[in-house]
Number of protein chains: 2
Amino acid sequence: MSEMQLRDALDSLKGTGVRITPQRHAILEFLVGSMSHPTADDIYKALEGKFPNMSVATVYNNLRVFREVGLVKELTYGDSSSRFDFVTTDHYHAICQDCGKIVDFHYPGLDEVEHLASHVTGFKVNNHRMEVYGSCQDCSEKKEAH
Amino acid sequence: MSEMQLRDALDSLKGTGVRITPQRHAILEFLVGSMSHPTADDIYKALEGKFPNMSVATVYNNLRVFREVGLVKELTYGDSSSRFDFVTTDHYHAICQDCGKIVDFHYPGLDEVEHLASHVTGFKVNNHRMEVYGSCQDCSEKKEAH
DNA sequence: GTCTTTCTTTATAATCTTTATAAATAGTGT
DNA sequence: ACACTATTTATAAAGATTATAAAGAAAGAC
């Protein structure tokens with residue numbers, strides 16, 4: 001199924017006139033297969049084996065291209081570096097403040113919030129972002145055991 | 001009324017054993033009076049006149065102290081630098097993707113989301129974050145006029 | 001298949017934000 | 001006013017991201 005996602009992504013790139021290079025292919029493939037919301041550097045390191053000469057700039061450039069086309073979302077938390085998430089279906093993130101783990105979860109409709117916000121602020125609202133913060137199961141258990 | 005907020009904030013600092021220096025006073029005062037969600041550099045520049053010798057590190061250090069005490073929230077969006085928001089009542093942000101303007105708006109309860117997330121992921125959820133993105137009134141009008 | 005054009009990659013340096021360090025300075029309670 | 005300790009300052013360092021220019025590779029035309 002993730003192969004289908006990858007193929008769709010590649011088609012979508014072709015449709016917008018973006019060239020498909022081996023590096024782009026590999027970055028997309030890694031993102032689709034990754035459940036871990038990697039940083040640019042994670043991706044760079046992960047592909048070092050396959051592309052020993054690849055530049056960090058290439059990773060950043062292509063992540064920007066993917067973001068502009070809408071294939072990838074950039075997540076910015078408190079920590080220093082952005083994380084990147086392949087856009088599949090709408091989901092939100094639960095983030096552990098102790099170990100940094102990120103877990104996806106679904107929630108039906110926050111459209112109402114968009115409508116209210118639009119009404120109150122006069123904005124034309126396109127999308128929104130939401131996360132919940134706390135301690136994941138492992139970390140809460142560790143804390144309870146002192 | 002913002003004087004009251006400032007006094008409360010200073011009291012709250014004293015209560016936690018944090019010393020009140022002229023720099024801290026000024027940074028808090030600026031944050032309370034500012035509706036613009038400034039960056040650390042904005043604050044630094046704004047106080048240059050009053051404190052010609054103040055170091056950037058002082059601004060960062062104190063913003064961290066304020067954040068740890070809970071007086072200030074750090075907002076990280078896609079752009080390079082964090083913004084800082086004096087915590088008053090719970091509110092959310094609408095962010096213009098064209099001009100960067102940030103407008104506050106209130107929304108009753110997203111507690112339900114926290115509960116669901118907690119149930120689905122096993123997290124102990126402490127808090128959440130939400131923003132809506134779009135075009136502010138000025139920018140949408142400009143776009144319609146071609 | 002080859003050519004040509006244009007986009008992309010690479011390597012490197014530069015920029016910008018944020019943090020670390022150590023010495024000098026200033027709050028706070030007594 | 002004194003002493004203790006936190007804070008500020010100045011500076012340097014770290015880390016992430018972007019800019020630049022030359023070399024290399026996609027994609028379509030022939």
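Hydrogens, waters and symmetry mates are skipped; everything else that's a heavy atom, side chains included, is used. Each chain gets a letter, A, B and so on, in the order its sequence line appears, and its residues count up from 1. Nothing here was measured: the structure is a model prediction, and the numbers come from that model.
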**Asked** Once each nucleotide of nucleotides 17-24 of chain C is scored for protein heavy atoms under 4.0 Å, what B/S/- sequence comes out, 5' to 3'?
**Response** SBBB----
**Request:** For nucleotides 22-27 of chain D, just jot down a letter per nucleotide in 5' to 3' order: B, S or -, based on protein non-hydrogen atoms under 4.0 Å.
**Result:** ---BBS
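Taking CD of Gln23(A) as the start and CG of Asn53(A) as the end, the distance is 9.5 Å to the nearest 0.5 Å. Arg19(A) CZ to Lys14(A) NZ: the interatomic distance, rounded to the nearest 0.5 Å, is 13.5 Å. For the atom pair Glu131(B) CD and His128(A) NE2, the distance stands at 10.5 Å (nearest 0.5 Å). Of the inter-residue distances, the one linking Ser12(A) atom OG with Leu71(A) atom CG reads 4.5 Å to the nearest 0.5 angstrom. Note that NE2 of His37(A) and CG of Asp104(A) are 4.0 Å apart. Values are rounded to the nearest 0.5 Å. Taking OG of Ser82(A) as the reference point, atom CG of Leu75(A) lies at 8.0 Å (rounded to 0.5 Å).
In this structure, Leu63(A) atom CG and dT8(C) atom P are separated by 14 Å, rounded to whole Å. Computed from coordinates, the Asn53(B) CG to dT25(C) C1' distance equals 12 Å when rounded to whole Å. What separates CG of Asn62(A) from P of dT17(D) is a distance of 15 Å, to the nearest Å. If you measure from atom CZ of Phe51(A) to atom C1' of dT8(C), you get 13 Å, rounded to the nearest angstrom. Between the P atom of dT8(D) and the NE2 atom of His25(B) lies a distance of 14 Å, rounded to the nearest Å. Counting to the nearest Å, the P atom of dT18(D) and the CD atom of Glu68(A) are 11 Å from each other. dA6(D) atom C1' lies 8 Å from atom CZ of Arg24(B), rounded to whole Å.
With axes fitted over five pairs at each extremity, the angle between the ends of the helix from dG1(C)-dC30(D) to dT30(C)-dA1(D) is 40° (10° resolution).
Nearest heavy-atom pair across Val132(B) and Phe105(B) is CG2-CE2, 4.0 Å. The heavy-atom pair separating Leu13(B) from Phe66(B) by the smallest distance is CD1-CE2, 3.8 Å.
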**Prompt:** Passes salt bridge (charged side-chain N to carboxylate O under 4.0 Å, His left out), Lys45(B) versus Asp41(B)? Steps please.
**Reply:** CA-CA 6 Å; Lys45(B) 287 215 175 66; Asp41(B) 198 56; 2.4 Å; yes
**Request:** Begin from the C-alpha positions of Asn61(A) and Thr58(A) and carry the test side chain to side chain donor-acceptor pair (under 3.5 Å) through to its verdict.
**Result:** CA-CA 5 Å; Asn61(A) 286 340; Thr58(A) 299; 5.4 Å; no
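Nearest-nucleotide positions on DNA chain C place Val65(A) closer to the 5' end than the other of Pro52(A) and Val65(A).
Within the 4.5 Å cutoff, side-chain heavy atoms of Met54(B) are placed close to those of Val59(B).
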